[in-house]
Amino acid sequence: QVQLVESGGGLVQAGGSLRLSCVVSGGTFSTYTMAWFRQAAGKEREFVAIISRIGSSTFYADSVKGRFTISRDNAKNTVYLQMNSLKLEDTAVYYCAAARTFLLSTRGGEYDYWGQGTQVTVSS
């Protein structure tokens, strides 16, 4: 059974930084395309960032481009999301997701496994 466990969320002031981690167990991590999504209160889930199986390709939502960086360590079965210059509108529950495909999809429905989420709150 594949499990994804996120960590690293918390409360941070606007302009600050956080690093989220997502550890994957029960599957072959290096065969998964990995992504981060987020869902703010009262809003639909939205795509944040994606990284290919070996980390050679990444893609970001326009809203986070230049501020967030996705990376992965296949030896540690872990994907990261470094978030810098955080804004109030980045407040959300952040989810990591894994897809058993090499395609880089921004659609949540394409992902096979999901974590439980970690709360990120940005204060003024």
Practice problem: Verify, without hydrogens or angle tests, whether Glu6 (side chain) and Gln116 (backbone) share a donor-acceptor contact under 3.5 angstrom. | Solution: yes
Quiz item: Any donor-acceptor pair under 3.5 Å linking the side chain of Thr91 with the backbone of Val122?
Solution: yes
Self-check item: Side chain Asn74, main chain Thr31, donor-acceptor under 3.5 Å
Solution: no
Exercise. Kindly check if the number of other-residue, nucleotide or ligand heavy atoms within 6.0 Å of NZ (Lys65) is above 12?
Key: yes
Practice problem: Might you work through the side chain to side chain contact (heavy atoms under 4.5 Å, CB included) test for Leu20 and Val79, ending with a clear yes or no? | Solution: CA-CA 8 Å; Leu20 306 183; Val79 62; over 6 Å; no
Quiz item: Measuring from Cys22:SG to Leu81:CG, what's the distance to the nearest 0.5 Å?
Solution: 10.5 Å
Quiz item: If you draw a 6.0 Å radius around CD in Glu89, do more than 12 non-hydrogen atoms from other residues or ligands fall strictly inside?
Solution: yes
Quiz item: If you group Ile, Leu, Val, Met, Phe, Trp and Tyr by side-chain heavy-atom gaps below 4.5 Å, do Tyr95 and Leu86 land in one group?
Solution: no
Quiz item: Shared ILVMFWY cluster between Val64 and Leu88, side chains joined below 4.5 angstrom?
Solution: yes
Quiz prompt | Value rounded to 0.5 Å, distance of CG in Leu4 from OG in Ser25 | solution = 7.5 Å
Quiz item: So, Asp73 and Thr78: side-chain donor and acceptor under 3.5 Å apart, yes or no?
Solution: no
Exercise. Any chance you could measure Leu18, atom CG, to Phe68, atom CZ, to the nearest 0.5 Å?
Key: 9.0 Å
Quiz item: Between Tyr113 and Tyr32, does the ring centroid distance fall short of 6.0 Å?
Solution: yes
Quiz item: Under a 4.5 Å cut-off applied to non-hydrogen side-chain atoms, are Gln3 and Val23 in contact?
Solution: no
Practice problem: Examine distances only and state if a side-chain atom of Thr28 and a backbone atom of Ser30 form a donor-acceptor pair shorter than 3.5 Å. | Solution: no
Exercise. Please name the residue in the list Thr69, Val48, Ile50 that meets the side-chain contact (heavy atoms from CB on, under 4.5 Å) test with Tyr60.
Key: Thr69
Quiz item: For the atom pair CZ (Arg53) and CG (Leu103), what is the distance rounded to the nearest 0.5 Å?
Solution: 8.5 Å
Quiz prompt | Nearest heavy-atom neighbours spanning Gly108 and Trp114 | solution = O-CZ2, 3.4 Å
Quiz prompt | Interatomic distance, Tyr80 atom OH to Arg72 atom CZ [nearest 0.5 angstrom] | solution = 11.5 Å
Practice problem: Determine, stepwise, if the pair Asp90 / Arg38 fulfils side chain to side chain contact (heavy atoms under 4.5 Å, CB included). | Solution: CA-CA 9 Å; Asp90 294 319; Arg38 67 186 182 186; 2.9 Å; yes
Self-check item: Minimum heavy-atom distance Phe47-Thr106, with the two atoms named
Solution: CB-O, 3.5 Å
Practice problem: Side-chain contact test, heavy atoms from C-beta onward, threshold under 4.5 Å: evaluate it for Gln82 versus Ser17 and give yes or no. | Solution: yes
Practice problem: Could you tell me which non-hydrogen atom of Tyr111 sits nearest to which non-hydrogen atom of Ala35, and how far apart they are? | Solution: OH-CB, 3.5 Å
Practice problem: Might you confirm whether atom CD1 of Ile54 has over 12 heavy atoms from other residues, nucleotides or ligands at distances under 6.0 Å? | Solution: no
Quiz item: Would a distance-only check, ignoring hydrogens and angles, find a side-chain to backbone donor-acceptor pair under 3.5 Å from Thr33 to Thr101?
Solution: yes
Quiz item: Hey, does the Lys NZ or Arg CZ of Arg107 hover above the aromatic six-ring of Phe37, less than 6.0 Å from the centre and inside 45° of the axis?
Solution: no
Exercise. Kindly compute the distance separating OH (Tyr94) from OG1 (Thr118), expressed to the nearest 0.5 Å.
Key: 10.5 Å
Quiz item: What's the shortest heavy-atom distance between Val120 and Gly9, and which atoms?
Solution: CG2-CA, 4.1 Å
